[in-house]
Amino acid sequence: MAARAKRTKRPPKGGRKGSGGSGTSRLLTREQERDILGVCLLVLAAFLMLSLVPVEWFGARGGSWFPSGNLVGVLGGTARGLQWALVG
């Protein structure tokens, strides 16, 4: 009889241990998801902050540079109105 090679147990094809054997793998790690969430929150904070800046700070040309009356456009004007209504 020929000697047989000893078989070793392979991890599931999902590539991660403990994936439940479903064969699916995560596209992003939890750390990457938290990094993306942090960047999104920073962008939201910058948008809300810029919507509160008056165009008069830029002098007489502020109105011509920003014809909507807000640095971030019409949506920023709406956000400014909501912020003033909620916070005061």
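Computed over heavy atoms, backbone and side chain alike; hydrogens, waters and symmetry mates excluded. Throughout, numbering of the chain's residues begins at 1 and tracks the sequence.
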Applying a strict under-4.5 Å side-chain criterion to I, L, V, M, F, W and Y, I'd like to know whether [X] and [Y] cluster together.
| X | Y | value |
| --- | --- | --- |
| Leu50 | Phe66 | yes |
| Val72 | Trp84 | no |
| Ile36 | Leu42 | no |
| Val43 | Leu75 | no |

- [ ] For Phe47, enumerate each residue passing the ring pair (Phe, Tyr, Trp, His ring centres under 6.0 Å) test, keeping only those at least two apart in sequence or located in another chain.
- [x] none

How many angstroms lie between atom [atom1] of [X] and atom [atom2] of [Y], to the nearest 0.5 angstrom?
| X | Y | atom1 | atom2 | value |
| --- | --- | --- | --- | --- |
| Leu82 | Arg80 | CG | CZ | 12.5 Å |
| Glu33 | Leu27 | CD | CG | 9.0 Å |
| Gln83 | Leu52 | CD | CG | 4.0 Å |
| Asp35 | Thr29 | CG | OG1 | 7.5 Å |

- [ ] Considering non-hydrogen atoms only, spot the tightest contact between Leu48 and Ala79 and give its length.
- [x] CD2-CB, 4.4 Å

Open item on the list: Give me the atom names and distance for the closest heavy-atom approach of Ser68 to Gly73.
Closed with: OG-CA, 3.4 Å

Task: Hydrophobic cluster of Leu41, others only, ordered by chain and residue number, side-chain cut-off 4.5 Å - done: Leu37

